[in-house]
Amino acid sequence: MVSKKVTWGLLVAWLAHDAEELATTSWWTRRQAGVPTVTPARSAVAIGVVGAVMAAAAADGARTGGRSRFFQAALTGFGLHSITHVAGSVVFRGYTPGVLTAPTVVAPFALWARRRLRRAGVAAPTDPRALLWFPVVVGAAHAIAHFTTPVRQNTTRIRPSRP
(Lines give C-alpha, C1' and ligand atoms only; values in the text may rest on other atoms or scores of the structure.)
Protein backbone atom coordinates (compact mmCIF):
# COMPACT_ATOMS: atom_id res chain seq x y z
CA MET A 1 0.00 0.00 0.00
CA VAL A 2 1.14 3.51 -0.74
CA SER A 3 0.34 6.75 1.01
CA LYS A 4 -2.69 8.78 0.04
CA LYS A 5 -0.14 11.49 -0.79
CA VAL A 6 0.75 9.40 -3.82
CA THR A 7 -2.76 8.62 -4.98
CA TRP A 8 -4.61 11.83 -4.14
CA GLY A 9 -1.42 13.76 -4.88
CA LEU A 10 -2.08 13.03 -8.54
CA LEU A 11 -5.24 15.12 -8.36
CA VAL A 12 -3.53 17.88 -6.36
CA ALA A 13 -0.63 18.08 -8.83
CA TRP A 14 -3.08 18.06 -11.73
CA LEU A 15 -5.07 20.91 -10.11
CA ALA A 16 -1.93 23.03 -9.71
CA HIS A 17 -0.91 22.41 -13.31
CA ASP A 18 -4.31 22.97 -14.84
CA ALA A 19 -4.90 26.11 -12.81
CA GLU A 20 -1.98 27.58 -14.76
CA GLU A 21 -3.50 26.36 -18.03
CA LEU A 22 -6.93 27.73 -17.16
CA ALA A 23 -5.47 31.12 -16.24
CA THR A 24 -3.38 31.45 -19.40
CA THR A 25 -4.89 29.52 -22.30
CA SER A 26 -7.37 32.17 -23.48
CA TRP A 27 -4.80 34.95 -23.23
CA TRP A 28 -2.13 32.90 -24.97
CA THR A 29 -4.28 31.75 -27.88
CA ARG A 30 -5.40 35.32 -28.57
CA ARG A 31 -1.76 36.35 -28.93
CA GLN A 32 -0.81 33.62 -31.40
CA ALA A 33 -1.27 34.31 -35.09
CA GLY A 34 -3.24 31.57 -36.77
CA VAL A 35 -4.36 29.91 -33.53
CA PRO A 36 -8.12 30.11 -32.92
CA THR A 37 -9.20 31.81 -29.74
CA VAL A 38 -10.16 29.47 -26.93
CA THR A 39 -12.76 31.09 -24.75
CA PRO A 40 -12.43 30.83 -20.97
CA ALA A 41 -15.66 28.79 -20.91
CA ARG A 42 -14.41 26.31 -23.49
CA SER A 43 -11.09 25.99 -21.67
CA ALA A 44 -12.86 25.46 -18.34
CA VAL A 45 -15.09 22.71 -19.77
CA ALA A 46 -12.16 20.83 -21.35
CA ILE A 47 -10.13 21.13 -18.16
CA GLY A 48 -13.13 20.00 -16.11
CA VAL A 49 -13.63 16.89 -18.25
CA VAL A 50 -9.99 15.88 -17.87
CA GLY A 51 -10.26 16.74 -14.18
CA ALA A 52 -13.10 14.26 -13.79
CA VAL A 53 -10.91 11.56 -15.31
CA MET A 54 -7.98 12.49 -13.06
CA ALA A 55 -10.23 12.53 -9.98
CA ALA A 56 -11.55 9.08 -10.89
CA ALA A 57 -8.00 7.80 -11.40
CA ALA A 58 -6.85 9.23 -8.05
CA ALA A 59 -9.87 7.75 -6.28
CA ASP A 60 -9.24 4.35 -7.87
CA GLY A 61 -5.59 4.59 -6.84
CA ALA A 62 -6.58 5.41 -3.26
CA ARG A 63 -9.13 2.58 -3.22
CA THR A 64 -6.56 0.02 -4.40
CA GLY A 65 -3.55 1.30 -2.48
CA GLY A 66 -1.91 2.42 -5.72
CA ARG A 67 -2.36 -0.93 -7.49
CA SER A 68 -4.96 0.31 -9.97
CA ARG A 69 -3.78 0.12 -13.58
CA PHE A 70 -6.06 3.05 -14.34
CA PHE A 71 -4.35 5.16 -11.66
CA GLN A 72 -0.88 4.09 -12.78
CA ALA A 73 -1.63 4.78 -16.45
CA ALA A 74 -3.03 8.23 -15.57
CA LEU A 75 0.05 8.96 -13.46
CA THR A 76 2.40 7.92 -16.25
CA GLY A 77 0.47 9.85 -18.88
CA PHE A 78 0.39 12.90 -16.63
CA GLY A 79 4.15 12.76 -16.16
CA LEU A 80 4.93 12.20 -19.82
CA HIS A 81 2.68 14.99 -20.95
CA SER A 82 5.02 17.44 -19.20
CA ILE A 83 7.36 16.81 -22.14
CA THR A 84 4.73 18.10 -24.56
CA HIS A 85 4.55 21.38 -22.67
CA VAL A 86 8.29 21.91 -22.79
CA ALA A 87 8.39 20.89 -26.47
CA GLY A 88 5.56 23.32 -27.21
CA SER A 89 7.51 26.17 -25.66
CA VAL A 90 10.53 25.25 -27.76
CA VAL A 91 8.40 25.24 -30.92
CA PHE A 92 6.72 28.56 -30.07
CA ARG A 93 9.98 30.01 -28.71
CA GLY A 94 8.46 31.24 -25.51
CA TYR A 95 5.80 30.71 -22.93
CA THR A 96 2.98 28.23 -23.59
CA PRO A 97 0.17 27.43 -21.15
CA GLY A 98 1.31 24.88 -18.57
CA VAL A 99 5.05 25.19 -19.17
CA LEU A 100 5.78 26.68 -15.75
CA THR A 101 4.24 23.84 -13.76
CA ALA A 102 5.19 21.03 -16.18
CA PRO A 103 8.85 20.85 -15.08
CA THR A 104 8.27 22.12 -11.53
CA VAL A 105 5.14 20.19 -10.49
CA VAL A 106 4.08 17.60 -13.07
CA ALA A 107 7.35 15.82 -13.84
CA PRO A 108 8.73 15.86 -10.26
CA PHE A 109 5.45 14.59 -8.80
CA ALA A 110 5.12 11.82 -11.39
CA LEU A 111 8.71 10.65 -10.83
CA TRP A 112 8.30 10.78 -7.05
CA ALA A 113 5.00 8.89 -7.16
CA ARG A 114 6.38 6.19 -9.49
CA ARG A 115 9.32 5.70 -7.08
CA ARG A 116 6.88 5.32 -4.20
CA LEU A 117 4.88 2.74 -6.14
CA ARG A 118 8.08 0.78 -6.89
CA ARG A 119 9.20 0.90 -3.24
CA ALA A 120 5.79 -0.37 -2.15
CA GLY A 121 6.05 -3.19 -4.68
CA VAL A 122 2.86 -2.21 -6.47
CA ALA A 123 4.24 -0.54 -9.60
CA ALA A 124 3.03 -2.37 -12.68
CA PRO A 125 5.01 -2.25 -15.90
CA THR A 126 3.59 0.47 -18.07
CA ASP A 127 1.57 -0.96 -20.91
CA PRO A 128 2.29 1.28 -23.92
CA ARG A 129 -1.29 0.74 -25.09
CA ALA A 130 -2.49 2.50 -21.93
CA LEU A 131 -0.71 5.65 -23.07
CA LEU A 132 -2.96 5.77 -26.12
CA TRP A 133 -5.73 6.86 -23.78
CA PHE A 134 -4.02 10.22 -23.20
CA PRO A 135 -4.83 11.67 -26.64
CA VAL A 136 -8.26 10.02 -26.54
CA VAL A 137 -9.14 11.68 -23.22
CA VAL A 138 -7.74 15.07 -24.24
CA GLY A 139 -9.41 14.89 -27.64
CA ALA A 140 -12.75 13.92 -26.08
CA ALA A 141 -12.44 16.74 -23.55
CA HIS A 142 -11.88 19.28 -26.30
CA ALA A 143 -14.74 17.85 -28.37
CA ILE A 144 -17.12 18.02 -25.40
CA ALA A 145 -16.00 21.59 -24.72
CA HIS A 146 -16.47 22.52 -28.36
CA PHE A 147 -19.99 21.18 -28.55
CA THR A 148 -21.15 22.43 -25.15
CA THR A 149 -19.92 26.00 -25.16
CA PRO A 150 -21.22 28.78 -27.35
CA VAL A 151 -19.09 30.06 -30.17
CA ARG A 152 -17.67 33.47 -29.43
CA GLN A 153 -19.30 35.98 -31.68
CA ASN A 154 -17.30 38.69 -33.35
CA THR A 155 -18.28 41.80 -31.41
CA THR A 156 -16.48 44.24 -33.67
CA ARG A 157 -19.00 46.33 -35.52
CA ILE A 158 -18.23 47.58 -38.95
CA ARG A 159 -19.28 51.14 -39.29
CA PRO A 160 -20.55 52.18 -42.66
CA SER A 161 -18.39 54.80 -44.28
CA ARG A 162 -19.84 58.29 -44.34
CA PRO A 163 -20.49 59.88 -47.71
Side-chain angles (χ1 to χ4, degrees), residues 1-29 38-92 95-150:
M1 298 281 277
V2 296
S3 164
K4 301 286 186 201
K5 291 177 187 175
V6 173
T7 56
W8 288 110
L10 173 63
L11 183 59
V12 172
W14 178 86
L15 285 168
H17 175 63
D18 275 59
E20 177 193 358
E21 287 185 338
L22 182 60
T24 61
T25 297
S26 293
W27 161 83
W28 185 84
T29 58
V38 176
T39 65
R42 188 168 287 175
S43 184
V45 169
I47 287 170
V49 170
V50 175
V53 173
M54 296 304 278
D60 200 38
R63 182 185 62 77
T64 62
R67 287 179 170 80
S68 163
R69 296 259 182 173
F70 174 38
F71 164 72
Q72 291 189 28
L75 174 63
T76 301
F78 180 62
L80 289 176
H81 111 274
S82 67
I83 297 167
T84 65
H85 283 286
V86 174
S89 284
V90 169
V91 168
F92 282 96
Y95 178 83
T96 56
V99 76
L100 297 179
T101 52
T104 60
V105 175
V106 176
F109 173 78
L111 291 170
W112 172 82
R114 290 295 298 177
R115 276 194 309 271
R116 293 292 182 160
L117 291 172
R118 280 192 300 277
R119 284 185 193 152
V122 298
T126 301
D127 182 350
R129 293 176 297 178
L131 298 179
L132 295 175
W133 283 106
F134 175 71
V136 170
V137 169
V138 171
H142 284 282
I144 290 167
H146 175 77
F147 290 111
T148 61
T149 56

Could you tell me which residues satisfy side-chain contact (heavy atoms from CB on, under 4.5 Å) with [X], sequence neighbours excluded, listed by chain and number?
X: Ala124; result: Arg69, Gln72
X: Trp8; result: Lys4, Leu11, Ala58, Ala59, Ala62
X: Ala107; result: Ser82

Minimum-distance pair of heavy atoms, taken over all atoms of [X] and [Y]:
X: Ser26; Y: Pro40; answer: OG-N, 3.1 Å
X: Ala141; Y: Ala46; answer: CB-O, 3.5 Å
X: Leu100; Y: Glu20; answer: N-OE2, 3.2 Å
X: Pro135; Y: Leu132; answer: CD-O, 3.1 Å
X: Pro97; Y: Thr25; answer: CB-OG1, 3.6 Å
X: Phe70; Y: Ala56; answer: CE2-C, 3.6 Å

Next on the checklist: The test is side chain to side chain contact (heavy atoms under 4.5 Å, CB included); show your working for Val6 and Trp112 and say whether it passes.
Outcome noted: CA-CA 8 Å; Val6 173; Trp112 172 82; 3.7 Å; yes
Checklist entry - According to the ring pair (Phe, Tyr, Trp, His ring centres under 6.0 Å) rule, which pairs have a member within residues 115-144, sequence neighbours left out? => result His81-Phe134
Item to check | Test item: Trp14 side-chain N/O and Val106 main-chain N/O as donor-acceptor pair under 3.5 Å | outcome: no
Item to check | Side-chain donor/acceptor of Ser68 to backbone N/O of Thr64, under 3.5 Å | outcome: no
Item to check | Test salt bridge (Lys or Arg N to Asp or Glu O under 4.0 Å) applied to Arg63 - qualifying residues, sequence neighbours left out | outcome: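 For Arg63 the salt bridge (Lys or Arg N to Asp or Glu O under 4.0 Å) partners, ignoring immediate neighbours, are Asp60.
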Checklist entry - Using 30° and 60° as the class limits, which term best fits the ring planes of Trp27 and Tyr95: parallel, tilted or perpendicular? => result tilted
Next on the checklist: For a side-chain hydrogen bond (donor to acceptor under 3.5 Å, both in side chains) check, start with the C-alpha distance between Glu21 and His85, then their side-chain angles and the critical distance, and finish with the verdict.
Outcome noted: CA-CA 11 Å; Glu21 287 185 338; His85 283 286; 2.9 Å; yes
Next on the checklist: Hydrogens and angles aside, do Ser89 and Thr96 bring a side-chain donor and acceptor to less than 3.5 Å of each other?
Outcome noted: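 On atom types as modelled, these side chains qualify, holding a pair under 3.5 Å.
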Checklist entry - Any side-chain heavy-atom pair from Phe71 and Leu117 closer than 4.5 angstrom? => result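 SC-SC contact between Phe71 and Leu117 confirmed.
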Please report, to 0.1 Å, the donor-acceptor pairs under 3.5 Å made by any side chain of residues 47-54, with sequence neighbours excluded.
none

Checklist entry - Roughly how far apart are Leu22 CG and Leu15 CG, rounded to 0.5 Å? => result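 Output value for this atom pair is 11.0 Å.
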Item to check | Inter-residue atom distance Leu10.CG - Thr7.OG1, 0.5 Å rounding | outcome: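 So the gap between those two atoms works out to 8.5 Å.
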